[in-house]
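Below, read A as the first sequence line, B as the second, and so on, with proteins coming before strands; counting in each chain starts at 1.
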Protein chains: 2
Amino acid sequence: MYSQAEENYLKTIYVLEKDFGDDVSTNLIAGKTKTKPSSVTDMLKKLAIKDLVLYKKYQGVKLTETGRLTALKVIRKHRLWECFLVQKLNFNWDEVHEIAEQLEHVKSELLINKLDAFLRFPKLDPHGDPIPDEQGRIIKNQSTSIIDMKLGSTGTLVAVKDSSETFLRYLNKKNLALGDKLKVIDIEPYDNSYHIETKTHRLVITNNVAENLLLKNVK
Amino acid sequence: MYSQAEENYLKTIYVLEKDFGDDVSTNLIAGKTKTKPSSVTDMLKKLAIKDLVLYKKYQGVKLTETGRLTALKVIRKHRLWECFLVQKLNFNWDEVHEIAEQLEHVKSELLINKLDAFLRFPKLDPHGDPIPDEQGRIIKNQSTSIIDMKLGSTGTLVAVKDSSETFLRYLNKKNLALGDKLKVIDIEPYDNSYHIETKTHRLVITNNVAENLLLKNVK
DNA sequence: ATATTATTTTAGATATGTCTAAATTTTAGC
DNA sequence: GCTAAAATTTAGACATATCTAAAATAATAT
């Protein structure tokens with residue numbers, strides 16, 4: 001079995017590969033995990049020895065098939081626990097990430113599959129992210145970030161890229177939630193900020209916020 | 001916050017104080033935790049510095065009030081998670097200990113109190129052990145071990161002293177479960193084994209097994 | 001009361017995962 | 001294509017939690 005530190009690195013590398021393509025750099029990992037690049041190098045060597053990543057000095061890393069599957073198992077656990085916390089224990093979507101970070105490392109295949117069944121095999125977590133199945137199969141969510149939408153187009157908010165407490169609290173404050181229908185009513189060329197409209201209100205969001213909002217049925 | 005290792009030591013010391021009285025010895029702790037006495041000494045020093053135990057060289061340890069409360073919080077978490085596993089996820093009582101050993105270290109007061117509410121504030125875990133409340137208050141269960149029962153007396157099985165998988169599996173095999181009414185029909189002086197009778201069957205148990213079965217309403 | 005045995009502690013080592021500071025390699029600018 | 005800057009790695013250190021082997025202390029037995 002793998003240590004918590006190892007599992008966290010695999011998860012981070014998985015996400016970074018998704019976001020930035022193959023061959024994730026040492027500095028990128030260090031940035032995400034709030035560790036120093038030298039610590040990352042040490043860990044990458046260990047992961048390479050265990051055949052979880054392909055690592056070439058100064059060239060960054062890539063997950064192996066084993067590494068990818070291991071990462072997906074951790075992500076599966078994280079997302080199922082988040083569902084449990086929100087659906088069964090009535091947590092808000094902005095309170096669950098940190099707790100799930102701990103729960104995701106509990107070791108028991110049986111536990112996670114029983115939890116899955118208890119939750120009636122959810123397909124998405126509270127942030128709209130797909131939950132991998134036991135075999136690591138994951139549904140690719142074909143959603144569009146607001147920054148890829150044209151002026152005047154509409155869509156339904158189905159997921160967020162950033163699941164941090166601060167970002168989700170910002171959305172709460174702005175009265176934005178999954179399922180909301182949005183319309184892009186203006187794009188400010190100066191700072192790439194977006195003016196958007198929901199059923200109940202209008203607001204201005206920065207380009208950074210826009211990037212983190214994912215929509216479906218964009219027309 | 002305390003490390004998993006520290007929490008485990010506190011829990012162990014708490015249980016040993018209950019079972020053997022104050023001033024728990026280094027060797028006793030080493031035996032329970034499957035570590036070496038030298039490791040125990042190292043940890044006791046650390047716990048003493050943090051004011052969780054009173055430790056005098058060669059004299060054993062005692063929990064401080066802080067240590068006792070910390071141990072009770074861990075025990076509360078362990079037992080609530082066991083309830084969750086059995087009641088909600090349909091685990092058997094012999095499958096939950098190891099998983100709860102992991103879950104008990106998840107840090108979040110809110111989580112455990114929400115879990116408590118979700119389970120409708122259970123008073124006993126699946127092995128009949130009382131669950132401490134948020135303030136560390138715990139109901140003393142006035143139960144009697146079979147070894148303290150007279151020939152011909154009866155009682156209801158309400159708890160087990162040993163919650164290990166092996167012991168619980170033995171009870172499953174022998175068709176013994178919490179709630180069963182038992183009668184002592186013979187005591188063998190040679191090896192202190194007990195012949196007991198339930199509604200459905202009779203069996204012989206060793207003195208060791210008898211010690212681990214706790215009954216109420218003994219007459 | 002002392003010698004033997006059992007228990008406990010100390011000293012020094014190991015593994016994991018992190019760090020800082022220095023050295024090395026790669027990248028980018030000109 | 002060379003040089004400066006940026007990125008990465010190495011070397012050596014530290015904290016946690018464990019171990020073995022040796023030393024110190026306590027318990028016991030005659």
Side-chain angles (χ1 to χ4, degrees), chain A residues 1-13 16-17 19-63 67 70-71 74 101-102 104-107, chain B residues 1-13 16-17 19-63 67 70-71 74 101-102 104-107:
Chain A
M1 268 306 102
Y2 305 113
S3 71
Q4 293 199 188
E6 287 169 338
E7 289 187 347
N8 284 335
Y9 272 95
L10 293 175
K11 211 177 43 162
T12 302
I13 297 166
L16 291 174
E17 278 186 4
D19 290 359
F20 299 89
D22 299 335
D23 287 82
V24 178
S25 76
T26 302
N27 263 9
L28 202 56
I29 298 169
K32 273 272 173 183
T33 56
K34 285 168 190 166
T35 56
K36 302 294 164 186
S38 56
S39 308
V40 175
T41 300
D42 286 349
M43 182 55 91
L44 295 184
K45 287 183 192 170
K46 288 181 205 162
L47 295 176
I49 287 167
K50 297 190 178 183
D51 263 317
L52 295 165
V53 299
L54 297 172
Y55 168 62
K56 264 189 287 179
K57 267 192 192 180
Y58 297 101
Q59 303 302 132
V61 274
K62 225 187 259 211
L63 291 176
T70 307
V74 179
E101 288 285 305
Q102 298 178 65
E104 74 189 6
H105 300 295
V106 172
K107 262 91 181 162
Chain B
M1 267 308 100
Y2 305 112
S3 72
Q4 293 199 190
E6 288 169 337
E7 290 188 346
N8 285 335
Y9 272 94
L10 292 176
K11 211 177 42 164
T12 303
I13 297 167
L16 292 175
E17 278 185 4
D19 290 0
F20 298 90
D22 300 334
D23 288 80
V24 178
S25 76
T26 301
N27 262 9
L28 202 55
I29 298 169
K32 272 274 170 179
T33 57
K34 282 167 191 167
T35 56
K36 302 296 165 185
S38 57
S39 308
V40 174
T41 301
D42 286 349
M43 182 55 92
L44 295 185
K45 286 183 193 169
K46 288 181 205 162
L47 295 176
I49 287 167
K50 298 189 179 186
D51 263 318
L52 294 164
V53 299
L54 296 173
Y55 169 63
K56 264 189 285 180
K57 267 192 190 179
Y58 296 102
Q59 304 303 133
V61 274
K62 225 188 259 210
L63 291 177
T70 307
V74 180
E101 287 285 304
Q102 298 179 67
E104 73 188 7
H105 300 295
V106 173
K107 261 91 181 162

With nearest nucleotide decided by heavy atoms, which residue, B:Tyr55 or A:Gln59, maps closer to the 5′ end of DNA chain C? B:Tyr55
I'd like the 5' and 3' limits of the part of DNA chain D contacted by chain A, with heavy-atom contacts below 4.0 Å. D:dA7 to D:dT10
One pair to check against side chain to side chain contact (heavy atoms under 4.5 Å, CB included): A:Lys57 and A:Thr41. What are the steps and the verdict? CA-CA 9 Å; A:Lys57 267 192 192 180; A:Thr41 300; over 6 Å; no
Figure out the OH/C1' separation between A:Tyr2 and C:dA15, and round it to whole Å. 18 Å
Sequence neighbours excluded, which residues qualify as salt bridge (charged side-chain N to carboxylate O under 4.0 Å, His left out) partners of B:Lys46? none
For a quick test of reading the model: is some side-chain N or O of A:Ser39 closer than 4.0 Å to OP1 or OP2 of C:dT18? no
Trace of the side chain to side chain contact (heavy atoms under 4.5 Å, CB included) decision for A:Ile29 with A:Tyr9: CA-CA 8 Å; A:Ile29 298 169; A:Tyr9 272 95; 3.9 Å; yes
On DNA chain C, more 5' by nearest nucleotide between B:Lys56 and A:Asp42 is B:Lys56
Rounded to whole Å, how long is the line connecting atom OH of B:Tyr58 with atom C1' of C:dT10? 8 Å
Within this structure, what is the CE-to-P distance between B:Met43 and C:dT8, rounded to whole angstrom? 18 Å
For B:Ile13, is there any backbone N or O sitting under 3.5 Å from a side-chain donor or acceptor partner on B:Lys32? no
Whether B:Glu7 side chain and B:His105 backbone form a donor-acceptor pair below 3.5 Å: no
How close do B:Glu104 and B:Asn8 get, heavy atom to heavy atom, and via which atoms? OE2-OD1, 3.3 Å
Residues within residues 23-38 of chain A bordering DNA chain D, heavy-atom distance below 4.0 Å: A:Ser25, A:Thr26, A:Asn27, A:Pro37, A:Ser38
Any donor-acceptor N/O pair, B:Lys107 side chain to B:Tyr2 backbone, under 3.5 Å: yes
Stepwise side chain to side chain contact (heavy atoms under 4.5 Å, CB included) test for A:Leu52 and A:Leu10: CA-CA 8 Å; A:Leu52 295 165; A:Leu10 293 175; 3.9 Å; yes
